[in-house]
Amino acid sequence: MAVPTFVDEVTLHISAGRGGHGVASVHREKFKPLGGPDGGNGGPGGSVVLRVDPDVTTLIDYHHSKKRSAENGGHGAGAHRNGGHGADLVLPVPDGTVVKTRGGEVLADLVGPGTEMVIAQGGRGGLGNAALASSKRKAPGFALLGEPGDEIEVVLELKVVADIGLVGYPSAGKSSLIAAISRARPKIADYPFTTLVPNLGVVKAGDTTFTVADVPGLIEGASEGRGLGHDFLRHIERCAALLHVVDTATIEPGRNPADDLDAMEHELAQYGGLEGRERLVALNKIDVPDGRDIAEMTADDLRERGYRVFPISAASGEGIRELTFAMAELVARARAEQEVVEATRIVLRPPSADGGDDFTVTQDGDGWRVRGTKPERWVRQTDFSNDEAVGFLADRLNRLGVETRLVKLGAVEGDTVLIGDPDNAVVFDFKPGIEAGAEMLGRRGEDQRFDEKRPAHGRRREIQEALGERAEGETRADVARRIDKSARSSGVGPMSYEIGSADDPDWAEDDPGTAG
C-alpha cells in the first residue's frame with residue numbers, strides 16, 4: 001500500500017486526562033486520638049492543546065495515529081498530600097489549520113505561529129475529606145471522585161497559507177514556474193497529474209519575500225468532483241492574489257489560452273469565495289515558436305478583459321523577473337491592508353446543558369429529567385458506594401433547589417428522577433425531605449438520614465417558605481403559630497405550643513385542675 005507524504009485532512013479522536021480522586025483519610029498519631037481528616041485532593045487531568053508550529057507542513061502524523069489522549073491526574077493521599085497534575089498533550093499543527101466537528105461546524109481557524117486552542121479540557125480533581133470538612137461535618141468519611149476529561153472527535157483541515165496561488169490545467173507549467181522562481185524542487189514530468197500534492201515555494205523580489213503555492217490537477221469540472229482539483233481548491237482560499245498559468249503550446253485539440261482561462265474562472269466561481277482576489281495571467285512556454293505566436297495573439301485580448309498579462313517561459317527564464325515583481329507588488333499591497341495576526345489562545349468550552357440557568361427540570365416518558373452544569377458535575381464526583389457521599393450529594397442538590405423545583409412541578413415520592421445526559425444519566429427514586437445540616441452520628445461512610453424519617457425537616461422548610469409572605473412586624477414564631485393554627489383547623493395536631501398552656505400535654509397531665 002502506498003504511504004502518503006502529504007495529508008491535508010484527518011479525523012482525530014481526542015481525550016483529555018481524567019482528574020484524580022480525592023481520598024478519605026484520618027490523621028493517626030500517638031497521643032492524638034482526634035487527629036482529624038487529612039485526605040488530599042486529586043490532581044487535575046491534562047488538557048489537549050492544538051498549537052500552530054511553523055515547522056509542520058502536513059497532517060501526516062495524525063493520519064497514522066488518530067487517537068490522542070492526555071495524562072490523567074494523580075490521586076490524593078493521606079497527610080494532606082495532593083495528587084499531581086496530569087501533563088498537557090500539545091499537538092503541533094500547520095499554520096492555516098481549520099478545526100471542525102464531524103458535522104462541519106467550524107470551531108477554530110488556527111493562523112499564526114504560536115496560536116493555541118485547548119480542544120479538550122482536563123477533568124477536575126476530586127476533593128479529599130480534609131477539604132470537605134466543615135463546622136457541621138467535622139470528619140467526613142468520604143471524598144469526591146475526579147471528573148472525566150472532555151472527549152471530542154474533530155476534523156482537522158489544512159488550508160495552506162500562501163500569498164500567491166497558482167491555478168491552471170495539468171502540465172501548464174505551474175511546478176516548473178515554482179522551481180524557476182524559488183528553491184522548491186517539485187516533481188516535473190510531461191504527463192497529466194504529475195503533481196499530486198500542493199507545492200509551496202518561497203520567492204524574494206526586491207525587499208518583499210512571499211510564498212507561492214500551486215493547486216494540482218485543476219481541470220474543467222473539478223468543482224463537481226472531476227480530477228484532483230476539488231481536493232485542493234481549499235489551499236488557495238487564503239491567497240492574496242491568484243496567478244493563472246496558461247499553456248500556450250498545448251497540443252491537445254480544441255484548446256486555446258482564452259478558453260482555458262475561462263474554464264478555470266468558471267471552476268473558481270463554482271467553488272466560491274474567490275471573487276474579490278486580484279488576478280494575474282502568465283502565458284507560459286513562449287520559448288516554443290508556436291507558443292510565442294499564440295501568446296502575442298492572445299495577450300491584447302486578455303488585457304482588454306482587465307487582466308495583467310505576462311508572457312513567460314519557465315524553462316528559459318524569459319519574463320520571470322517582471323512577473324515576480326508584479327506578484328510582490330500585489331502581496332505588499334495586501335499586507336499593508338491586512339491587520340497584524342497575533343498569536344492567540346483559544347479555549348473550547350462546550351455550551352451549558354441548561355442554557356445558562358443553574359439547572360432545568362423537564363418531564364418525559366422516562367421520568368423527571370434534571371439537566372445543568374452543577375448537578376451533572378456533582379453526580380460525576382459522587383461515590384455511590386458510600387452512603388455519606390450520597391447524602392452529601394442530596395444536600396448539594398437541595399441547596400441548589402432541585403427538590404423544591406421537582407415538588408412544585410408535581411413530582412411525588414417514588415417518581416423516577418434522571419440527572420445528566422440522556423445517553424448516560426444517573427437514575428434516582430425521588431424521596432423528598434432528605435437534607436443535612438449537622439454531623440450525623442453513625443459508622444464512617446454511612447448516613448442515617450436514609451434509614452429514618454425526620455418530620456422536623458418538613459416543618460422547618462414549611463416555615464421557611466412561609467416567611468416570604470409574612471406580614472409587617474410578624475416574627476418567625478408568629479409564622480410558626482399561624483401554620484399550627486391552620487393545621488389545627490384541618491384536624492392535624494399542633495406542632496408548637498406555649499409551656500403551661502392548654503396545648504402543653506405535659507402540663508395537662510401534671511395540673512390537678514385539668515384532671516377528669
Side-chain angles (χ1 to χ4, degrees), residues 132-138 352 354-363 367-375 377-379 388 390-415 417 419 428-441 447-511 513-514:
L132 296 172
S134 66
S135 60
K136 296 182 179 180
R137 183 181 283 107
K138 298 179 185 295
S352 173
D354 52 33
D357 196 3
D358 286 337
F359 65 94
T360 59
V361 179
T362 56
Q363 188 176 21
W368 298 95
R369 190 172 299 279
V370 180
R371 297 300 309 275
T373 304
K374 289 182 178 179
R377 186 173 75 241
W378 294 342
V379 166
E388 193 177 349
V390 177
F392 180 69
L393 171 63
D395 296 344
R396 300 174 94 179
L397 295 176
N398 285 349
R399 285 195 297 269
L400 189 63
V402 173
E403 180 180 307
T404 302
R405 183 83 60 87
L406 285 167
V407 171
K408 287 182 178 179
L409 292 176
V412 298
E413 185 172 347
D415 282 359
V417 179
I419 301 180
F428 301 90
D429 290 332
F430 185 47
K431 187 176 181 181
I434 298 179
E435 184 199 2
E439 179 77 11
M440 301 300 299
L441 298 178
D447 193 319
Q448 297 179 8
R449 290 169 295 158
F450 291 98
D451 301 320
E452 65 180 5
K453 295 182 179 180
R454 305 180 65 229
H457 158 66
R459 171 171 170 76
R460 287 197 303 271
R461 173 158 294 187
E462 186 178 6
I463 294 173
Q464 188 65 32
E465 292 178 353
L467 286 176
E469 302 175 357
R470 61 180 172 178
E472 184 177 357
E474 193 176 23
T475 65
R476 182 184 181 91
D478 295 332
V479 173
R481 293 188 187 95
R482 174 160 48 84
I483 294 175
D484 292 341
K485 184 177 180 181
S486 175
R488 283 195 297 269
S489 64
S490 61
V492 181
M495 299 192 67
S496 67
Y497 49 84
E498 295 182 6
I499 296 177
S501 68
D503 293 330
D504 185 346
D506 297 331
W507 181 264
E509 292 176 1
D510 298 338
D511 185 2
T514 61

Give the C-alpha distance, both sets of side-chain angles, the deciding distance and a yes or no for side chain to side chain contact (heavy atoms under 4.5 Å, CB included) between Leu393 and Phe428.
CA-CA 12 Å; Leu393 171 63; Phe428 301 90; 4.0 Å; yes
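The minimum heavy-atom distance linking Asp429 with Gly414 is given by the pair OD1-O, 4.3 Å. When all heavy atoms of Ala133 and Lys138 are compared, the pair lying nearest together is CB-O, 3.7 Å.
For Ser135, there are no side-chain contact (heavy atoms from CB on, under 4.5 Å) partners at least two apart in sequence or on another chain. Residues forming a side-chain hydrogen bond (donor to acceptor under 3.5 Å, both in side chains) with Glu465 (at least two apart in sequence, or on another chain): none. Not counting sequence neighbours, the partners of Asp415 by the side-chain contact (heavy atoms from CB on, under 4.5 Å) test are Trp368, Ala411, Val412, Phe430. Under the side-chain contact (heavy atoms from CB on, under 4.5 Å) criterion, Thr362 pairs with Arg369, sequence neighbours left out. Under the side-chain contact (heavy atoms from CB on, under 4.5 Å) criterion, Arg476 pairs with Ile463, Gln464, Leu467, sequence neighbours left out. Judged as a salt bridge (Lys or Arg N to Asp or Glu O under 4.0 Å), and not counting sequence neighbours, Arg470 has no contacts.
Counting heavy atoms from C-beta outward, Ile419 and Leu397 have side chains that approach closer than 4.5 Å. Val479 has its side chain within reach of Glu474: a pair of non-hydrogen atoms, C-beta onward, lies under 4.5 Å apart.
Here the CD1-CG distance, from Ile483 to Asp478, works out to 11.5 Å after rounding to the nearest 0.5 Å. With values rounded to the nearest 0.5 angstrom, Leu400 atom CG is found 6.0 Å from Lys374 atom NZ. Taking OG1 from Thr360 and CZ from Arg371, the interatomic distance works out to 7.0 Å, rounded to the nearest 0.5 Å.
Phe392 does not carry Arg137 over the face of its six-membered ring by the limits of under 6.0 Å from the centre and within 45° of the normal.
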